[in-house]
Amino acid sequence: MNQKLKVGILGGTGMVGQRFISLLENHPWFEVTAIAASPRSAGKTYEEAVGARWKMKKAMPEAVKKIIVQNVNEVERVASEVDFVFSAVDMSKEEIRAIEDAYAKTETPVVSNNSAHRWTPDVPMVVPEINPEHFEVIEAQRKRLGTKKGFVAVKPNCSIQSYAPAIYALKEFGPKEVVATTYQAISGAGKTFKDWPEMVENIIPYIGGEEEKSEQEPLRLFGKVVDGKIEKATSPLITTQCVRVPVLDGHTAAVFINFEKKPTKEEIIDRWENFKGLPQELKLPSAPKQFIRYMEEDNRPQVQLDVDFENGMGISMGRLRQDSLFDYKFVGLSHNTVRGAAGGAILCAELLTAQGYITAK
């Protein structure tokens, strides 16, 4: 790419917005040129607007410190400065849908981390290794919006990254029933332990709306495009419990699974270890070389040791064994704010760029 695409971050002062900015530092294709947030942050430099609320381990990139934060509601103004935007705004679902559509109607593609559009029939919700063909519905969406270049694409919920790709990699064996319990990090709620002291040495067995997302969103990923809309798959049947645990980054899943055609343990590990998708074939900048790895040790994967596998873009599986009620059980781990949030959206944008959906204005 001769010239980097100009990128805006909507909701750039929050935790996911900060993760976008951190991951995009020195990106070979994209350059952050605009940051938008709530009216109370508008007019300040990014450094001033964030202040002591910078939550990333890496220091704030020098290139963004002096960018003047704009009002996210001034859609035309923000859109005029960028080729496309990432969305991580903190609003109601109705407000998010409205503002993302408004940006798309300025002929500015929107790649969203938010959940508001995940069930809009002509909005693709994509894990690039699993269902890149769902980007085909963008053509139908553009007709609805009346745009030539603008559209909205989204990535799925962070909690499903630790098990949905592992299930998809075994599709030839007909996964039919899945029970998953996710143990979810506090950064999934946009928090640190400083923000949320009651989470220290504590577990909360409820995360609002999370179980419905965890059960239904994999089926949309596994679905197909029919007449310009996504039709979700009808199997496997998935039931989940979602628990908040005292971990900063990293969602772990304990999974039980039944198959139509039971594979051997060796076949499962082989399919995981050798699973590749379009991002690996195209060698996209953020694509992990190995998306899924299997760890033989009884006590792995562990958050502290393994969450940053492939710079947080790979997922780690372990403890695969036969079960007394189900065919198999295993444990998965993914980085919830990298692969599960900003990094997953960046990989979507890279694929959309490689396929010509995102171009310079």
Checklist entry - Is any NZ, NE, NH1 or NH2 atom of the basic residue among Asp195 and Lys55 found under 4.0 Å from an Asp or Glu carboxylate oxygen of the other? => result yes
Checklist entry - Under 4.0 Å between a Lys/Arg side-chain N and an Asp/Glu carboxylate O for Lys66 and Glu47? => result yes
Checklist outcome for this item: CZ (Phe291) and CD (Gln161) are apart, to the nearest 0.5 Å, by 6.5 Å
Item to check | Test ring-ring contact (aromatic ring centres under 6.0 Å, His included) applied to Phe135 - qualifying residues, sequence neighbours left out | outcome: none
Checklist entry - With a cut-off of 6.0 Å (strictly less than), are more than 12 heavy atoms of other residues, nucleotides or ligands near NZ of Lys65? => result yes
Checklist entry - How far does NZ of Lys191 sit from CZ of Arg244, to the nearest 0.5 angstrom? => result 10.0 Å
Next on the checklist: Please report the interatomic distance CD1(Ile230) to CZ(Arg118), rounded to the nearest 0.5 Å.
Outcome noted: 14.5 Å
Checklist entry - OG1/Thr33 to CD1/Ile9 distance, rounded to the nearest 0.5 angstrom? => result 9.0 Å
Checklist outcome for this item: Between the CD atom in Glu177 and the CG atom in Asp327, the distance rounded to the nearest 0.5 Å is 9.0 Å
Next on the checklist: Within this structure, what is the OG1-NZ distance for the pair Thr182 and Lys213, rounded to the nearest 0.5 Å?
Outcome noted: 11.5 Å
Checklist entry - Between Glu267 and Lys261, does at least one N-O distance fall below 4.0 Å, as a salt bridge requires? => result no
Next on the checklist: Check Arg293 with Glu310, please: is the shortest side-chain N to carboxylate O separation under 4.0 Å?
Outcome noted: no
Checklist entry - Where does the angle between the aromatic ring planes of Phe256 and Phe326 fall among parallel (under 30°), tilted (30 to 60°) and perpendicular (over 60°)? => result tilted
Item to check | Parallel, tilted or perpendicular: ring planes of His27 versus Trp29, cut at 30 and 60 degrees | outcome: perpendicular
Checklist outcome for this item: In terms of heavy-atom contacts, Ile21 and Val64 come closest through CG2-CG2, 3.8 Å
Item to check | Lys149 to Phe84, cation-pi by 6.0 Å centre distance and 45° axis angle | outcome: no
